[in-house]
Amino acid sequence: MKHKIAEIVKKSLKDYQDLPEIAIDIPRNKNFGDYSCNIALILAKKLEQNPREIASKLVEKLKEDSLFEKVAIAGPGFINFTLKEAIIQDTVKEVIKQDHDWGKLATRNPQPETVLLEYVSANPTGPLHVGHGRWAVVGDAIARLLRAAGYEVKTEYYVNNVGNQIDKLIASVKAAKDGKPTPEGGYGGAYIQEIAKQKAENSEEILASIIEEQKKTLGQLGVAFDNWFDESQLHDKNEVKLGVAKLHDLGMTFEEGGAIWFKSQELGDDKNRVLIRENGNSTYFSADIAYHLNKFSRADHLIDIWGTDHHGYVARLKAALKVMGLPVDKFEVIIGQLVTLYRGKEAIRMSKRTGEMVTLQEVVDEIGTDATRFFFSATDVNSHLDFDLELAKKKSNDNPVFYVQYAHARVCSILEKNKTAGLPDCQTTSLKDLKNPAERALMLKLISWPDIVQVAARLRHPQMVTEYGKELAALFHSFYEQCQVLGNPARVILVDASRIVLRNVLEMLAISAPEKM
RNA sequence: GCGCCAGUAGCUCAGCUGGAUAGAGCAACAGAUUUCUAAUCUGUAGGCCACAGGUUCGAGUCCUGUCUGGCGCACCA
């Protein structure tokens, strides 16, 4: 709908040149209409004209459009639109017609951009922690959003199955097996003892067993990856060496102390970085360069979600890719901040060294998949999160996830009661009588869903979906209190449209949409 | 010391490229059910958007500085 309005505004502006992007907003205050546009204010600055004058010229043209009941100027020069009731009603019918597709954006591009989204990618040295869970949920939701927005998305989990940490892991398991204490710098969690008790003999079996556990936990969270990519593959196929050679050919490397270095200082880094160590082994950095070269050969656009502990690393990887001529503007890194667990007021301290930690598996077991997903989707992944287990569990009845699910269950219950009458025919049933403010507000919300998907996908902000879900549920509950549905075909249609959008919202978050609660 | 991220109601958090009177949930208080699910609804109260400057018609949002917290600053990953 926003897009439609923007197009109309654009048409009315054809006398102007060099137009900025036209933004259509939903005003906070209902008195300002259903949608609004600030283009006159923006143009006023550019053209050094009175914004209200520009607006009044535009309004004259916009008034003629059949979409609007009313177009008005307000405040310093906002243009406010009120939709015709018939347009709103027709769009509600469109919701029912499109059903699962309502909220999927039509791509004008016959060859959609391919996106390779890499996330979680935890080291295969132990169980996932809560931060991983957060990034997993956010990554999965972003993948769903991008798909709905018309991108072709592949998801991937990078397994660092090479390097020091693996040697330490193996040594730790061996020590446990022999009843010796954990070696210096090794891993000491209870899971090490578990693995030691199992049949796991060689490093492959040990790794496989840990990765299996990770997969199991992620699966329980409803997160599955299209591809698990082993770092060892890059070494086996010589891609790491080739990447380093490429940098060498570009004159971006030098040798010192028996190691090969990347001249990252020339590109703004505060120090140069080692690519090949004195002992001939490659660093994590050079493997990661190779990995991203590999990914760029498979997709147009890369998105990585990294933990905040890796953020210092972004600049140097981008620098390396840029100097190699790759489109760095198509390489995004989303930094995921950590989660601090609380039980009531008490923060749960975690230490990898002592192995004293609450795993993601334990949290999912305790809180449940739906609530965990909702909580992790509901906040900006770029902000630190305090997550209170007691609150998420104990207050489950007032939990926002249940609030949204309950709206869906209520809808289904009404439709079940209406079964004997049957669903009214959308073509022949008039929605003219849906004039109550609660009905109108609900309809407007339903028709804005595709706009939410679009913006949420562009910004990679799943929290916009959970926000929308809460707002939609609230409007539905309010409507429900005021309007008797059964016996009113127009309202039955409105309820069915609500069911569709509530379900589509929950599906976007991979949260179940129960028919009964 | 340097860098990145954050600081919005008592608590947990939303707030789209700068827009109109800053929002929600929880907690608190007062009400609503002979009627389709009360896991609900209606209302009240709660704010110097960390602080100080600046940019402009207009700042929670942009710039500079300060304070507080998190995370980095390896020939670990």
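Worth knowing before you read on, the calculation uses all heavy atoms, side chains too, and leaves out hydrogens, waters and symmetry mates. Bear in mind that the values here come from a model prediction, so they are computed numbers and not experimental data. Chain naming here is simple, since letters A, B, ... match the order of the sequence lines and numbering starts at 1 in each.
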Check this for me, if you would: do A:Lys295 and A:Glu156 make a salt bridge, where the nitrogen-to-carboxylate-oxygen distance has to be below 4.0 angstrom?
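Not counted as a salt bridge, because no side-chain N and carboxylate O are separated by less than 4.0 Å.
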Rounded interatomic separation in angstrom, taking [atom1] from [X] and [atom2] from [N]:
{"X": "A:Phe476", "N": "B:A38", "atom1": "CZ", "atom2": "P", "answer": "11 Å"}
{"X": "A:Asp309", "N": "B:A74", "atom1": "CG", "atom2": "P", "answer": "14 Å"}
{"X": "A:Arg460", "N": "B:U17", "atom1": "CZ", "atom2": "C1'", "answer": "15 Å"}
{"X": "A:Phe32", "N": "B:A22", "atom1": "CZ", "atom2": "P", "answer": "12 Å"}
{"X": "A:Arg343", "N": "B:C11", "atom1": "CZ", "atom2": "P", "answer": "22 Å"}
{"X": "A:Arg273", "N": "B:G72", "atom1": "CZ", "atom2": "C1'", "answer": "11 Å"}
{"X": "A:Glu439", "N": "B:C36", "atom1": "CD", "atom2": "P", "answer": "18 Å"}
{"X": "A:Ile42", "N": "B:G58", "atom1": "CD1", "atom2": "C1'", "answer": "12 Å"}

Given salt bridge (Lys or Arg N to Asp or Glu O under 4.0 Å), test A:Asp288 with A:Arg316 step by step and report yes or no.
CA-CA 11 Å; A:Asp288 219 20; A:Arg316 83 187 74 140; over 6 Å; no
Please tell me which of the listed nucleotides, [options], lies nearest to the side chain of [X]?
{"X": "A:Tyr406", "options": "B:A77, B:C16, B:A38", "value": "B:A38"}
{"X": "A:Asn38", "options": "B:G19, B:U40, B:A77", "value": "B:G19"}
{"X": "A:Ile414", "options": "B:C36, B:A20, B:U17", "value": "B:C36"}
{"X": "A:Gln463", "options": "B:A14, B:U42, B:C16", "value": "B:A14"}
{"X": "A:Lys417", "options": "B:G15, B:A14, B:U37", "value": "B:U37"}
{"X": "A:Ala409", "options": "B:A14, B:U37, B:G19", "value": "B:U37"}
{"X": "A:Thr379", "options": "B:A74, B:A77, B:C13", "value": "B:C13"}
{"X": "A:His477", "options": "B:A77, B:U40, B:G15", "value": "B:U40"}

Gap in Å between the two [atom1] atoms, one belonging to [N] and one to [M], rounded:
{"N": "B:G65", "M": "B:A74", "atom1": "C1'", "result": "33 Å"}
{"N": "B:C4", "M": "B:U42", "atom1": "C1'", "result": "46 Å"}
{"N": "B:U64", "M": "B:G70", "atom1": "C1'", "result": "23 Å"}
{"N": "B:A50", "M": "B:U8", "atom1": "C1'", "result": "10 Å"}
{"N": "B:C41", "M": "B:C36", "atom1": "C1'", "result": "15 Å"}
{"N": "B:A22", "M": "B:C48", "atom1": "P", "result": "13 Å"}
{"N": "B:A9", "M": "B:G46", "atom1": "P", "result": "14 Å"}
{"N": "B:G15", "M": "B:A20", "atom1": "P", "result": "16 Å"}

Heavy atoms only, 4.0 Å cut-off, all strands: where does [X] land among base, sugar-phosphate and nothing?
{"X": "A:His310", "result": "base"}
{"X": "A:Leu41", "result": "base"}
{"X": "A:Asn272", "result": "nothing"}
{"X": "A:Ser36", "result": "base"}
{"X": "A:Ser413", "result": "base"}
{"X": "A:Gly77", "result": "nothing"}
{"X": "A:Ala74", "result": "base"}
{"X": "A:Asn29", "result": "base"}
{"X": "A:Ala407", "result": "nothing"}

Both distances below 3.5 Å, Watson-Crick or wobble geometry, any strand: find the nucleotide opposite [N].
{"N": "B:U37", "result": "none"}
{"N": "B:A9", "result": "none"}
{"N": "B:A22", "result": "none"}
{"N": "B:U44", "result": "B:A28"}
{"N": "B:C4", "result": "B:G70"}
{"N": "B:C62", "result": "B:G54"}
{"N": "B:U17", "result": "none"}

Can you give me the closest heavy-atom contact between A:Leu434 and A:Met443, atom names plus distance?
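Looking at all heavy atoms of both residues, the shortest contact is O-CE, 3.6 Å.
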By nearest heavy atom, map A:His461 and A:Ala474 onto RNA chain B; which one lands nearer the 5' end?
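Residue closer to the 5' terminus by nearest nucleotide: A:His461.
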By nearest nucleotide on RNA chain B, pick out whichever of A:Phe387 and A:Glu256 is the more 5' one.
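Result: A:Phe387.
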Apply salt bridge (Lys or Arg N to Asp or Glu O under 4.0 Å) to the pair A:Glu7 and A:Lys4, showing each step before the final yes or no.
CA-CA 5 Å; A:Glu7 287 298 312; A:Lys4 246 187 212 172; over 6 Å; no
Any luck finding a side-chain donor-acceptor pair between [X] and [Y] under 3.5 Å?
{"X": "A:Gln214", "Y": "A:Tyr157", "answer": "yes"}
{"X": "A:Asn29", "Y": "A:Asn31", "answer": "yes"}
{"X": "A:Glu239", "Y": "A:Asn294", "answer": "yes"}

Pull out every residue in residues 480-496 of chain A that has a heavy atom closer than 4.0 Å to any atom of RNA chain B, ordered by number, or say none.
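Residues of residues 480-496 of chain A under 4.0 Å from RNA chain B: A:Tyr480, A:Glu481, A:Cys483, A:Gln484, A:Val485, A:Leu486.
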Mind listing the residues from residues 448-458 of chain A sitting with a heavy atom below 4.0 Å of RNA chain B? Number order is fine.
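Of all residues in residues 448-458 of chain A, the ones placing a heavy atom under 4.0 Å from RNA chain B are A:Val455, A:Arg458.
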Is there aromatic stacking of A:Phe78 on B:A20 here, judged by a ring-centre distance under 5.5 Å and a plane angle under 30°?
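Aromatic stack with B:A20 present for A:Phe78.
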Ring centres of A:Phe78 and A:Phe32 under 6.0 Å apart?
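For A:Phe78 and A:Phe32, the ring centres are not under 6.0 Å apart.
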Quick check on [N]: is either OP1 or OP2 less than 4.0 Å from any side-chain nitrogen or oxygen of [X]?
{"X": "A:Lys271", "N": "B:A74", "answer": "yes"}
{"X": "A:Tyr403", "N": "B:C41", "answer": "yes"}
{"X": "A:Arg410", "N": "B:A38", "answer": "yes"}

Starting at the 5' end of nucleotides 2-7 of chain B, put B wherever the base has a protein heavy atom under 4.0 Å, S where only the sugar-phosphate does, and a dash everywhere else.
-BBSS-
Does a sphere of radius 6.0 Å around CD in A:Gln265 hold more than 12 heavy atoms from other residues, nucleotides or ligands, not counting ones at 6.0 Å or beyond?
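Enclosed: over 12 neighbouring heavy atoms sit under 6.0 Å from CD of A:Gln265.
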State, yes or no, whether a side-chain contact exists between A:Tyr403 and A:His477 at a heavy-atom distance under 4.5 Å.
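They are in side-chain contact.
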Less than 3.5 Å between a donor and an acceptor, one on the side chain of A:Asn80 and one on the base of B:A20, is that the case here?
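It does, because a donor-acceptor pair links the side chain of A:Asn80 to the base of B:A20 below 3.5 Å.
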